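Sequence positions, counted from 1, serve as the residue numbers for this chain. Whatever order the structure lists ligands and atoms in, that order sets their numbers, starting from 1. Bear in mind the structure is a predicted one, so any value in this text is a computation, not a measurement.
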Amino acid sequence: MNIFSQDFVKRKFSEFYNSPHHPIPPLEAINEREFAFFLFKERIMVRHKSVPNIKMLRQFVCDVEPSDVYYSCAYYDNPEADMSKKGWRGADLVFDIDADHLPTSCEKIHDEWVCGKCKFNGKGPTPESCPACGGQKFDTKSWPCERCINSARNETVKLADMLEKDFGFSESDIHVFFSGHRGYHVHVETEAIRPLDSIARKEIVDYVTGLGLSLSGNAVSSRKASSRIFNLHEFGRYERLKSEMRKFVEGATKDDLARAGIKGTASTVILHYKQQVLERCIDKDLWDSVRGIGYETWFKIASYLTNLEVAKIDTVVTTDIHRLIRMNGTLHGKSGLLKVEFPLKHLVDFDPFTEAVAFKDGTAKIFVSNAPQFRLGETMFGPYTQQGIELPTAAAILLICKGRAEVVQD
Ligand SMILES: [Zn+2]
Ligand SMILES: [Zn+2]
């Protein structure tokens, strides 16, 4: 982003925060939180700030004109003190589900990397080291792509379901947000979880990511051990797995079974005697009671489903009890989109490309180096290669923030 583009984006962000409808919503125990601001020009994070109330936070944001606003998931006695003297009182439980951690087929189309040393560049996932010079520093360009965000959303659905059904958090404790870039945030805000330390939070992480689920492959060959594995306990993760296995078999086609590694006789038997298989093997836990399907078959299905079903979260975020997270109702410096909260029940039909759009008026002239096709609201834009164009402000800011365009001076 050149200096003119930076000034333009900074001015637009500032206008947005100064608008009369105060976009930043209130926050629970705001005076006990640490705030942090990332600055446009200096490219530094100003940390250890605190505010007595939401009004002061809004004022502070207008004065500082930051590109990004963060607050601590933690509650402190002295939010402005040094880390060791803050007096930690507890923290919300937060989850970050970002498309960056999910392999998608479209990243080949919209992601780019440039070697910091020799400028060698390519598309798709960033390599470990530069194929040309072996350098390990890259300038990467991702994209808030609809398909990528949808795959993050699917992970969020799994996570929210576990939080509600397995952990018993109520809908009012679970807050769901679009992150403003490539994913979703889930915050659990309730007294009960506040005192949990990192280790306790790691256990929650292990549960939702399916780590330590005892389906150890080494026991498959031993009949006795196998029968123990598949005596799935009727609670929590195992109950969830068993019901997933039932659902899978119930709806399975030959292709579905093949994807789980089930072919030949086992596949034919399952497809022909579905009802008997469901009743005997799964409902009665008699896993090897139908000829042609053995423990190995069930082990394959269980492993396949475990992989599908785990929620892919950024585990570091959840276990960090001092974590800074983006403030609700603020703009993301890499997109110009908003972090926005929406009701859990709208997780599937929430449209970030409408609801998270902040800049609704005006246009801007930009020069686009290159950009994939994208949608904002009902309008499709691009793809663009090396061209000057006048676009609605939101689209122009997205392209500038993503490093795909620069503003054109009149
Ligand atoms: Zn290189
Ligand atoms: Zn994508």
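- Rounding to 10 degrees gives 100° for the angle at the Zn ion (ligand 1) between SG of C115 and SG of C133.
- Centred on the Zn ion (ligand 1), the SG atom of C130 and the SG atom of C118 lie at an angle of 110°, reported to 10°.
- Geometry about the Zn ion (ligand 2) gives an angle of 110° between SG of C106 and SG of C148, rounded in steps of 10 degrees.
- For the pair R375 and F381, the cation-pi criterion (under 6.0 Å, within 45° of the ring axis) is not fulfilled.
- With respect to the Zn ion (ligand 2), H110 has NE2 as its nearest N, O or S atom.
- When side chains are defined from C-beta on, K254 does not count as touching D256, because their heavy atoms never get closer than 4.5 Å.
- Relative to the ring axis of F35, K49 does not place its NZ or CZ within 45° and under 6.0 Å from the centre.
- Ring to ring, W143 and F374 are close: their centroids are under 6.0 angstrom apart.
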